[in-house]
Amino acid sequence: MLQVNYIRENREEVIAGLTKKNFKQLALIDQIIQFDEQRRALQVSSDTLAAEANAIAKQIGELMKSGQKDAAEDLKQRSVAIKEQTKSQLETLASIETGLYDALVQLPNLPHASVPAGITPEENEVVYTWGDIPVLPENAKPHWELAADYDIIDFELGVKITGAGFPVYKGKGARLQRALINFFLDEAAAAGYKEMQPPIVVNAASGFATGQLPDKEGQMYYVGIDDLYLIPTAEVPLTNLYRDVILKEEELPVMNTAYTPCFRREAGSYGAHVRGLNRLHQFDKIEIVQIANPANSYQILEEMVKHVQGILEKLELPYRILRLCGGDMSFASALTYDFETYSTAQGRWLEVSSTSNFETFQSNRLKCRFKAKDGKNQLVHTLNGSALALPRIVATLLENNQTPDGIKMPKALIPYLGFDKI
RNA sequence: GGUGAGAUGCCUGAGAGGCCGAAAGGAACAGUUUGCUAAACUGUCGUACGGGUAACUGUACCGAGGGUUCGAAUCCCUCUCUCACCGCCA
């Protein structure tokens, strides 16, 4: 959520930024500024009235004490009149505040200056490419066929016990999952992140603070009987640890990581590209989250990008980094780098990580601030990234490393796996 | 699931219609003293939104929402959450 004061003082810049993000309802800006003006004017007058009422109440108290009942009665009448007036002002104020808020939550975050213009994924900027795309034999198979051949991931079995998009990992497939989770967590710990194990169901207040509610309500699994939501990413619980918190400046940056299963209904998504592991309702992910001082949050974003690069390189997977264009960025992000590994058998790039700086967009809803040296509270910047999501990593590992005598595992994983080949 | 108790500032905790944005203690921060550590003393010490160049100042907030009253942390209603004990249980 953007800050009203910022919008008021930087109207032109806000409009330019939202335009870059391909946001159309620019009329909201002036509506917000207008609401804000009305709000402040009304507040001044209702505050003044309240001040008068408070003063009168105090006088009545004193008059009663000294026994001047008649004088007190006169003042009471006056007080009742003020109360009427205050009541109607407060009602108007409340409706203006609601209007202001409703408009405000519709605005996406402003893009960072380095975000390229553009609307479609094709306009994302490739900023880095690493690794050689392997040359595979003629009869190379996509991962869903390999998974069946080696009996390591069973999609049909998952359909039986739950439904589509809930695969069962078996034998070496299950072991590969566990190895990746441990590997990613160890890498994060080595980079200075503190490992956490948060709940994987959250309440509505948490969903709201990180922006899943109300807009993306239909994307989360909802446990109605207890009014809880299954998390779509560990970002939700990890970031909400700092909801309503005022940190000390020297506590920044806070670096946390967690492995969690993630649940996404993916309502409305379908098509040829969702086979196998490409899109699931339940998957595993290791998330890294930082709560940062705004002064160096972009440096931190670069460090997070380096961290993800390091992992992908240890896994020997060819990848590229995209700086997302304005139109392809998420609602809350100011700058996002997507990581894609190349799936040779499918002949396409698969997104395996998304690493973003949200600046104050989330912290404004979270009310997560830090006390700066001057004693004033200031919103923190929040950043997060996948490091990494498992399914597409597994997909590319299987596809890119297939040989006539099995699927070779990268060196870095062997200690975690206890075998070097599937 | 049953029964009972409770929710006040960073923490503990008093307050039971006006003198309460809130005692006291602790923590934290700054200063003085001290050879260091510790201690002692002094001061600062909630948040949000406004007004004012500023010093300063107004309003709101004692779990949330409503009500009674000239006036509510305090009385009434509803809700939420927490804790304890019992039951069940990994």
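Letters A, B, ... mirror the listed sequences (proteins, then strands); counts begin at 1.
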| Summary of protein contacts for nucleotides 47-63 of chain B, nucleotide by nucleotide, where a base hit scores B, a sugar-phosphate-only hit scores S (4.0 Å, heavy atoms) | SSBSS------BSS---

| message | If I compare all heavy atoms of A/Val115 with all of A/Gly326, which pair ends up nearest, and what's the gap? | response | CG1-N, 3.4 Å

| C1' gap between B/U74 and B/A23, integer Å |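 B/U74 and B/A23 have their C1' atoms separated by 15 Å.
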
In whole angstrom, what separates [X]'s [atom1] from [N]'s [atom2]?
X: A/Asn203; N: B/A64; atom1: CG; atom2: P; result: 16 Å
X: A/Lys248; N: B/C29; atom1: NZ; atom2: P; result: 7 Å
X: A/Glu62; N: B/C70; atom1: CD; atom2: C1'; result: 13 Å

| field | Value rounded to 0.5 Å, distance of CZ in A/Arg175 from CG in A/Leu413 | value | 11.0 Å

| request: Can you measure from CG (A/Leu252) to CD (A/Glu250) and round to the nearest 0.5 angstrom? | output: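 If we round to the nearest 0.5 Å, A/Leu252:CG and A/Glu250:CD are 8.5 Å apart.
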
| message | I need the residues from residues 72-80 of chain A with at least one non-hydrogen atom less than 4.0 Å from RNA chain B; give them sorted by number, or say none. | response |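 Contacting residues: A/Lys76, A/Ser79, A/Val80.
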
| With sequence neighbours left out, which residue pairs that include part of residues 47-63 of chain A fulfil the salt bridge (Lys or Arg N to Asp or Glu O under 4.0 Å) condition? |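 Qualifying pairs, neighbours excluded: A/Glu52-A/Arg78.
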
| Take atom NZ in A/Lys408; do more than 12 heavy atoms of anything else shown fall under 6.0 Å from it? | no

Would you tabulate the nitrogen or oxygen pairs shorter than 3.5 Å linking the protein to nucleotides 17-20 of chain B?
residue, atom, partner, partner atom, Å
B/G18, N2, A/Ala57, O, 2.6

| field | A/Asp227: partners by side chain to side chain donor-acceptor pair (under 3.5 Å), with sequence neighbours left out | value | A/Tyr222

| query | Would you say the side chains of A/Glu235 and A/Gln362 form a donor-acceptor pair under 3.5 Å? | reply | yes

| In this structure, which one of A/Asn384, A/Thr233, A/Asp338 forms a side-chain hydrogen bond (donor to acceptor under 3.5 Å, both in side chains) with A/Ser354? |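 It is A/Asp338; the other options fail the test.
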
| Contiguous Watson-Crick or G-U pair runs (3 or more, under 3.5 Å) in RNA chain B |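 RNA chain B forms these stems: B:1-7 with B:80-86, B:10-12 with B:24-26, B:28-32 with B:40-44, B:46-51 with B:56-61, B:63-67 with B:75-79.
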
